[in-house]
Amino acid sequence: MKANLHPADYRPVVFEDLSNGFRFITKSTIKTEENTKWEDGKEYPLVKLHITSTSHPFFTGQEKLVDIEGRVDKFRARQDAAKKASTALTSKAAKTKAKAEKKKAALEADEE
């Protein structure tokens, strides 16, 4: 077994679930800038988490509804905007082409 493989600087750290406010303390080597007071009155490093076992649907047995309708609406809005942009570019190209052909015809008429 390799020597000095595992870190030796374990210390108590408070982990806080941002979705429901649940907090627990355990030992960790994670680096953090924030501190917080624990129930015993001492100050410990704080790590904020977005999801823990108290808020994850697998552990809670509750499903969270995802705003699918909002996603579909956003997708359709982007699709409509892309169609409008495409139509605008196509019409602009057609106008430029017609203008160039008109100019070319005028030059040819002047040469005759």
What verdict does the salt bridge (Lys or Arg N to Asp or Glu O under 4.0 Å) test give for Lys31 and Asp9, after you've listed the backbone C-alpha separation in whole Å, the side-chain angles of each residue and the deciding distance to 0.1 Å? CA-CA 11 Å; Lys31 306 291 186 231; Asp9 59 342; 3.1 Å; yes

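In terms of heavy-atom proximity, Ser91 sits nearest to Ala88 at OG-O, 2.9 Å. Smallest separation of non-hydrogen atoms from Pro45 and Val13: O-CG1, 3.6 Å.
Shown are Lys104, Lys103, Lys97, Lys99; of these, the side-chain contact (heavy atoms from CB on, under 4.5 Å) with Glu101 is made only by Lys97. If you run ring pair (Phe, Tyr, Trp, His ring centres under 6.0 Å) between Phe15 and each of Phe24, Tyr44, Trp38, only Phe24 comes through.
Here the CZ-CD1 distance, from Arg11 to Ile30, works out to 8.5 Å after rounding to the nearest 0.5 Å. A distance of 4.5 Å separates CD of Glu43 from CG of Asn35, quoted to the nearest 0.5 Å. Atoms CZ and OG, from Phe22 and Ser55 in turn, are 10.0 Å apart once rounded to the nearest 0.5 Å. Of the inter-residue distances, the one linking Lys42 atom NZ with Ile25 atom CD1 reads 9.0 Å to the nearest 0.5 angstrom. In this structure, the separation between CD on Glu16 and CD on Glu34 is 9.0 Å, given to the nearest 0.5 Å. With rounding to the nearest 0.5 Å, the separation of NZ in Lys48 from OG1 in Thr36 is 8.5 Å.
The local environment of CZ in Arg76 is sparse, with at most 12 non-hydrogen atoms from other residues, nucleotides or ligands closer than 6.0 Å.
Residues Leu49 and Val47 meet the side-chain proximity criterion, which asks for heavy atoms closer than 4.5 Å.
At a cut-off of 3.5 Å, with distance as the only test, a side-chain donor of Thr54 or Asn20 sits close to an acceptor on the other residue.
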